[in-house]
Number of protein chains: 2
Amino acid sequence: MSHKPEPPAMPTRAVTKEDVARAAGVSHITVSRVINSPEKVSPATRERVEAFIASMGYIPNLLAGGLASRRTRIVAAIVPTISHSIFAETLRGLSEQLCMQGYQLLLGQTNYSEEAETGLVEVFIGRRVDGLVLTGVQHSPMTRQRLKAAGIPVVETWDLTDTPIDMLAGFDNHAAGRAMGDYLYQKGYRRMAFVGGDDPRGMARVAGLRESLRHHGAAEPVHLVMPMGAFLQAGREAIGRLLTQHPEVDAAFFSNDVIAAGAALECARRGIAVPGRIALAGFANLEIATEVLPALTTVQISAHQIGLTAAEMLLTRFDGDPLDQAVHDLGYSILERDST
Amino acid sequence: MSHKPEPPAMPTRAVTKEDVARAAGVSHITVSRVINSPEKVSPATRERVEAFIASMGYIPNLLAGGLASRRTRIVAAIVPTISHSIFAETLRGLSEQLCMQGYQLLLGQTNYSEEAETGLVEVFIGRRVDGLVLTGVQHSPMTRQRLKAAGIPVVETWDLTDTPIDMLAGFDNHAAGRAMGDYLYQKGYRRMAFVGGDDPRGMARVAGLRESLRHHGAAEPVHLVMPMGAFLQAGREAIGRLLTQHPEVDAAFFSNDVIAAGAALECARRGIAVPGRIALAGFANLEIATEVLPALTTVQISAHQIGLTAAEMLLTRFDGDPLDQAVHDLGYSILERDST
DNA sequence: CTGTTAGCGCGTTCAG
DNA sequence: CTGAACGCGCTAACAG
């Protein structure tokens, strides 16, 4: 069609260690050492080589390096979704800590599908990531088997289990749900509802809530399963349904603070008294919980700490150091605010 | 110290193509073909080989494959931060589209540091990613040079420029700021403020706002630079300062909807009339903008579309197909709601 | 349809 | 302190 001289002309070949070595009059291994263990090279040649590296714009091929050394300096993290703030803090903790040590983060999203997780795990093993961070403790048998076979360090997060694949950094969702039940009951609420998705951790929290209510002899909680697309909106819709379809409910416990905040905003809009007409409680202690009116009672957990802990465990493992603990129960606590 | 028989005993070696080939009585290249181009293998042997692959739990080493084929099927994305929802939508768009085609996303965070970006770009080039997505259009000379030298497909996002490195999917921040200025002026506001960070895109928006106000002969806008750690809180603090230190301001334009929402919530808390006492406008049309009271006037942009478009351009480039457009101006529009 | 021959660019032995 | 050989596991040509 057109007759431009030539599109940018993909450079035929990238600069390689050999090229630098030839230019500097040394062997490629010396160049390698200048990069990976400079102290093993005489200052004179080191400086010369460094100058050539800079002037030639040499960038080491980490792919080849990884293949040869069997270390990629990549950690993969698999989360249900990145578009909601719930896991963002964990990812940030992970990323920060790993980045400082020269590791990169490879990201996978499952959209809460176990199948998707299984596929991602296969790909990540194939990529020879140095470590893997999983969300939750429920995984397909295939996933567990592959991970064990690959022998790669794994951290499961955001929950606890007696049978971790390898390492664990989380908290007890069931106990947290129960604690919230106990707290709400003790505050005098008797007809409760749980609003959230049907993912394993949400289910654990309802189960805990239910156990608590049974124990106190209170009525079974209403369980509203919401689509987890738009959180604030889900909260708004949920409170609407609760108010009309279950007018007896006097306290609602939400799967996370964003949904709870959506409910709080809707109550404000409708002029419904919180906690007078209905009490609201969230989960995770996100920023929004303190900013809505009334401020939300919530379950405080350490989302950021989960990421940090996971990263630290992986890093000590990478260094070949022994782990003092492979399982970290990061705990939770009820944070009482004005919404209950 | 202890005398455990042996820690989990890192499997000596992973299963390789050779192993499968030997077991199946074919050559390793046949195994390769069964995986990469099954149609070139007779159904009989294919099934045999597939059975062995499954039973032996063989997982191809993508590192070696990438080295040999010079395609890694990895795309890297560099964002200022992942812990705020602003870029999350873009990442989701990218990730969804890429994932469907078998690509993975490698993530980098700069915390708004150009230096950090430069370093990340080097590492990602070293990892031989197939493509790179950058946030913004302002990059260090080193970054630009390396990217051109590497000849790898690059998409810059979230802004426009006359001198893109390669491809571009964004919108005009300066014009968007000006449009908001025009809109607010036309609504009768005369003393405006801009609240945001000092990143290039934020600065472009204030510049646009300033240009609009000058053009209309209105007063220079107050510019409040906020730390970008906690968005809602930043909004709350900003509105506080505005109200006391700049009581003449009658309209505030925020760098994004989350900050604006923080301001709106604080106004609600203090009983300050919006827009009666002060008008509030946000940016990006995030979910929260429609959920606070009053709903926020904002600048609608297509964060998700940016990700999709970037992914599509990269993918067609990977397929060697020609691009109809290397620059996509995704536009913006003023979305009038109740806060102005 | 199948196999053979070459690297991809580097790190890891081991010698000097 | 420096270098030579070898192989990491795979794909890309070509050949049969």
Side-chain angles (χ1 to χ4, degrees), chain A residues 10-50 53 56-74 123 125-130 150, chain B residues 10-50 53 56-74 102 123 125-130 150 320:
Chain A
M10 276 292 273
T12 339
R13 211 173 52 83
V15 179
T16 164
K17 258 195 182 50
E18 302 286 352
D19 301 332
V20 178
R22 208 171 305 128
V26 296
S27 92
H28 75 131
I29 185 62
T30 303
V31 180
S32 184
R33 280 199 266 260
V34 168
I35 292 170
N36 298 321
S37 39
E39 72 283 0
K40 293 183 179 175
V41 177
S42 75
T45 53
R46 185 199 313 167
E47 280 173 32
R48 258 168 44 72
V49 172
E50 274 167 350
I53 289 178
M56 302 176 70
Y58 169 62
I59 297 180
N61 184 332
L62 269 22
L63 225 52
L67 182 58
S69 68
R70 296 156 172 289
R71 300 193 64 192
T72 54
R73 294 193 156 265
I74 291 188
V123 175
I125 292 176
R127 291 209 186 279
R128 296 297 186 265
V129 298
D130 287 345
Chain B
M10 277 291 272
T12 339
R13 212 172 52 82
V15 179
T16 165
K17 259 193 181 50
E18 303 286 351
D19 301 331
V20 178
R22 206 171 305 127
V26 296
S27 93
H28 69 142
I29 188 65
T30 302
V31 180
S32 182
R33 278 199 267 260
V34 168
I35 293 171
N36 298 319
S37 39
E39 72 282 1
K40 293 183 177 175
V41 177
S42 77
T45 54
R46 185 200 312 167
E47 279 171 33
R48 258 169 43 75
V49 172
E50 274 167 351
I53 288 178
M56 302 177 71
Y58 168 63
I59 297 182
N61 183 332
L62 269 20
L63 225 53
L67 182 59
S69 69
R70 297 158 170 290
R71 300 193 65 194
T72 53
R73 294 193 157 263
I74 290 188
V123 175
I125 292 177
R127 291 209 185 281
R128 295 299 186 267
V129 297
D130 288 345

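Convention: sequence-line order gives letters A, B, ...; per-chain numbering from 1.
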Anything under 3.5 Å between a protein N or O and an N or O of nucleotides 11-14 of chain C, put it in a table, one pair a line.
from: C:dG11; atom 1: OP1; to: A:Asn36; atom 2: ND2; distance (Å): 3.0
from: C:dG11; atom 1: OP2; to: A:Lys17; atom 2: NZ; distance (Å): 3.4
from: C:dG11; atom 1: OP2; to: A:Ser32; atom 2: OG; distance (Å): 2.5

First and last nucleotide of DNA chain D, 5' to 3', lying under 4.0 Å from heavy atoms of chain A: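 Contact boundaries, 5' end first: D:dC1 to D:dG9.
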Residue-level proximity of residues 40-47 of chain B to DNA chain C when a heavy atom falls under 4.0 Å: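 Per residue number, the list reads B:Lys40, B:Val41, B:Ser42, B:Thr45.
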Counterpart residues, side chain to side chain contact (heavy atoms under 4.5 Å, CB included), relative to [X] (two or more places apart):
| X | answer |
| --- | --- |
| A:Val123 | A:Arg127, B:Leu62, B:Gln104 |
| A:Ser32 | A:Lys17, A:Ile29, A:Asn36 |
| B:Ile59 | A:Glu122, A:Ile125, A:Arg146 |

Salt bridge (charged side-chain N to carboxylate O under 4.0 Å, His left out): pairs with one or both residues in residues 18-29 of chain A, sequence neighbours excluded: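 Non-adjacent pairs meeting salt bridge (charged side-chain N to carboxylate O under 4.0 Å, His left out): A:Arg13-A:Asp19, A:Asp19-A:Arg22.
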Pairs flagged by salt bridge (charged side-chain N to carboxylate O under 4.0 Å, His left out) wherever residues 33-49 of chain A is involved - sequence neighbours left out: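 Salt bridge (charged side-chain N to carboxylate O under 4.0 Å, His left out) check on residues 33-49 of chain A returns no pairs.
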Are side-chain heavy atoms of [X] and [Y] found at a separation under 4.5 Å?
| X | Y | answer |
| --- | --- | --- |
| B:Val15 | B:Val20 | yes |
| A:Val49 | A:Tyr58 | no |
| A:Ile53 | A:Ile35 | yes |

Residues two or more places apart in sequence or in another chain: which of them pass side chain to side chain donor-acceptor pair (under 3.5 Å) with [X]?
| X | value |
| --- | --- |
| A:Ser42 | A:Thr45 |
| A:Thr16 | none |
| A:Asn61 | none |

Nearest-Å distance for atom pair CZ/C1', residues A:Arg22 and C:dG9: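 Rounded to whole Å, this separation is 13 Å.
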Whole-Å distance separating the CZ atom of B:Arg70 from the P atom of C:dC10: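 In whole Å, C:dC10 P lies 11 Å from B:Arg70 CZ.
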Axis bend over the full length of the helix from C:dC1-D:dG16 to C:dG16-D:dC1, computed from five pairs that close each end, to 10 degrees: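 Roughly 30° between the end axes, to the nearest 10°.
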Backbone N/O of A:Arg73 and side chain of A:Asp130: donor-acceptor pair under 3.5 Å: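 Yes, A:Asp130 side chain to A:Arg73 backbone: donor-acceptor pair under 3.5 Å.
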Residues A:Val26, A:Val34; criterion side-chain contact (heavy atoms from CB on, under 4.5 Å); working and verdict: CA-CA 11 Å; A:Val26 296; A:Val34 168; over 6 Å; no
